[in-house]
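What follows is a short report on a single structure.
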Protein chains: 2
Amino acid sequence: METDTPTRYRQLVEHLRTRGYRITPQRLAILRVLAESDGHPSAEQVFEGIRESYPTTSLGTVYKVIGVLREMGEVLELGFADDSNRYDGAKPYPHPHLICVRCRKIMDPQVSLVDDLTQEVAERTGYHVISHRLDFYGFCPDCLAEG
Amino acid sequence: METDTPTRYRQLVEHLRTRGYRITPQRLAILRVLAESDGHPSAEQVFEGIRESYPTTSLGTVYKVIGVLREMGEVLELGFADDSNRYDGAKPYPHPHLICVRCRKIMDPQVSLVDDLTQEVAERTGYHVISHRLDFYGFCPDCLAEG
DNA sequence: ATAGATGCAAATATTTTGCCGCCTG
DNA sequence: CAGGCGGCAAAATATTTGCATCTAT
């Protein structure tokens, strides 16, 4: 049910190639970070993660590649009012997020009621619901322990 | 259970006064727009709404007043990745939103399962959940009819 | 060989901040 | 009348775009 990191990485490369995009070292480095990250990195964080393996890549290129992946539906973009955008290339479909207000960690909770809630919204309003963005804010167990 | 517009307007004025903030014509105009709007206006839209009644107010002042209200918890800020931020001064507590992807209208669906979902998230993760942001995207009935 | 990608820098858009004169309390 | 507030403009931040050069195919 969960796609593992190496598989997801190869998947992303393959999808780009299939669509006729060129496979460059910069793109491979960016794809690896996006496939590996479970922490929902910002563009800046992807950029940092690439400096180690491929130091000459520019931030502009990171944005351009993310833009392509976003249009392809291979990356989920999470916008925040205060922070910069965060990206999820591991699970690019809508799913709930749980954000620690203290350490800013973002995790994916496993929940069963999402479909029920979505259906309730659709039935009560007459909308044709096609997507969602469900964020919960709170304190993670680690931060609760630390006080 | 719903606070009507005039009541909410007086409430906002009173809350500002109580906290020691000065009541100026500009602030009254901004508060009226925020209390009246059910459409979740942007700062720019609040600014436009004020030009009619109080043409000399500046956009900077709109941002400053919204900033004060946000810190007081009297306005809910909704950030979007692509769009500018939207503000809800009528119901400044967390609640689900339903956003039409065609006409960009934002409405508040009436749902019962939100608390259940929140509790499920908390129980399954050990987080202490304190807030949420629940957005559903789709086509509103009007846009469905128009094709 | 060539269309497309990179890198750099300038442009854009939104929100925040600084400062001075004015008005509320 | 004193300190907060409004208006204006500059600054700060995040992202997009333009263009010359380079490279994957």
Side-chain angles (χ1 to χ4, degrees), chain A residues 12-34 40-48 50-51 53-72 74-87 104, chain B residues 12-34 40-51 53-72 75-89 104:
Chain A
L12 284 169
V13 176
E14 199 46 44
H15 288 174
L16 271 185
R17 204 193 311 269
T18 303
R19 294 248 196 157
Y21 290 103
R22 291 185 186 168
I23 307 304
T24 63
Q26 293 90 336
R27 286 185 171 176
L28 290 177
I30 292 167
L31 293 184
R32 186 173 311 125
V33 172
L34 286 173
H40 307 77
S42 63
E44 194 76 41
Q45 287 170 327
V46 173
F47 179 59
E48 295 300 331
I50 284 166
R51 295 197 77 101
S53 56
Y54 210 85
T56 68
T57 309
S58 74
L59 181 58
T61 296
V62 173
Y63 272 110
K64 280 173 186 164
V65 175
I66 288 177
V68 168
L69 295 169
R70 196 207 308 129
E71 282 174 27
M72 288 173 58
E74 297 288 344
V75 141
L76 193 68
E77 185 178 56
L78 302 177
F80 293 93
D82 44 350
D83 215 340
S84 54
N85 294 347
R86 305 291 206 89
Y87 300 94
R104 280 277 138 188
Chain B
L12 284 169
V13 176
E14 199 46 46
H15 288 174
L16 271 186
R17 203 193 310 271
T18 303
R19 293 248 195 156
Y21 290 102
R22 290 185 187 170
I23 307 304
T24 64
Q26 292 92 334
R27 287 184 172 178
L28 291 178
I30 292 168
L31 294 184
R32 185 172 313 124
V33 172
L34 286 173
H40 308 76
S42 63
E44 193 76 39
Q45 287 170 327
V46 173
F47 179 58
E48 295 302 329
I50 284 165
R51 294 196 78 103
S53 57
Y54 210 85
T56 67
T57 309
S58 74
L59 181 58
T61 297
V62 173
Y63 273 109
K64 281 173 186 165
V65 175
I66 287 177
V68 168
L69 295 169
R70 196 206 309 129
E71 283 175 25
M72 288 172 59
V75 142
L76 193 68
E77 185 179 54
L78 302 177
F80 293 93
D82 44 350
D83 215 341
S84 55
N85 294 346
R86 306 291 206 88
Y87 301 93
D88 190 341
R104 281 276 137 189

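In this text, all values refer to a predicted model and were calculated from it rather than measured experimentally. When reading the values below, keep in mind they use all heavy atoms of this one structure, side chains included, and skip hydrogens, waters and symmetry mates. Lettering follows sequence order; numbering is per chain, from 1.
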Could you state the [atom1]-[atom2] distance from [X] to [N], rounded to the nearest angstrom?
X	N	atom1	atom2	result
B:Arg27	C:dC22	CZ	P	19 Å
B:Gln45	C:dA13	CD	P	17 Å
A:Leu69	C:dA5	CG	C1'	14 Å
A:Leu59	D:dT16	CG	P	11 Å
A:Asp83	C:dT14	CG	P	19 Å
A:Phe47	C:dT6	CZ	P	14 Å
A:Asn85	D:dT16	CG	P	8 Å
A:Tyr87	D:dA14	OH	P	11 Å

Checking side-chain contact (heavy atoms from CB on, under 4.5 Å) against A:Leu16, which of A:Thr24, A:Leu28, A:Leu31 comes through?
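Testing each of A:Thr24, A:Leu28, A:Leu31 against A:Leu16, the sole residue satisfying side-chain contact (heavy atoms from CB on, under 4.5 Å) is A:Leu31.
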
Check every strand shown and say whether B:Arg70 touches a base, only sugar-phosphate, or nothing at a heavy-atom separation below 4.0 Å.
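B:Arg70: backbone/sugar contact only, no base atoms under 4.0 Å.
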
Remember a base hit wins even if backbone is also touched, and classify B:Ser58 as base, sugar-phosphate or nothing at under 4.0 Å, heavy atoms.
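Base contact.
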
Using heavy atoms to find the nearest nucleotide of DNA chain D for A:Tyr63 and A:Tyr54 separately, return the residue whose nucleotide is more 5′.
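Of the two residues, A:Tyr63 wins.
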
Measure from the side-chain heavy atoms of [X] and tell me the nearest of [options].
X	options	answer
A:Thr56	D:dC5, D:dT25, C:dG7	C:dG7
A:Tyr21	D:dC5, C:dA5, D:dA24	C:dA5
B:Arg22	D:dG3, D:dT15, D:dC8	D:dG3

Reading DNA chain C from 5' onward, which residue's closest nucleotide shows up sooner: A:Gln26 or B:Glu44?
A:Gln26

By nearest nucleotide on DNA chain C, pick out whichever of B:Arg17 and B:Ala43 is the more 5' one.
B:Ala43

With rounding to the nearest 0.5 Å, note down the distance linking CZ in A:Arg27 to OG1 in A:Thr57.
11.5 Å

Mind running side chain to side chain contact (heavy atoms under 4.5 Å, CB included) on B:Lys64 and B:Val68 for me, showing each step along the way?
CA-CA 6 Å; B:Lys64 281 173 186 165; B:Val68 168; 5.9 Å; no

So for B:Lys64 and D:dG7, does any side-chain atom that can act as donor or acceptor lie under 3.5 Å from a complementary atom in the base?
yes

Show your reasoning for whether side chain to side chain contact (heavy atoms under 4.5 Å, CB included) applies to B:Val65 and B:Gln26.
CA-CA 9 Å; B:Val65 175; B:Gln26 292 92 334; over 6 Å; no

Check against side chain to side chain contact (heavy atoms under 4.5 Å, CB included), A:Arg104 and A:Asp83:
CA-CA 10 Å; A:Arg104 280 277 138 188; A:Asp83 215 340; 4.2 Å; yes

Is there a side-chain contact between A:Thr24 and the phosphate of D:dA24, meaning an N or O under 4.0 Å from OP1 or OP2?
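Checking D:dA24 against A:Thr24, no side-chain N or O comes under 4.0 Å of OP1 or OP2.
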
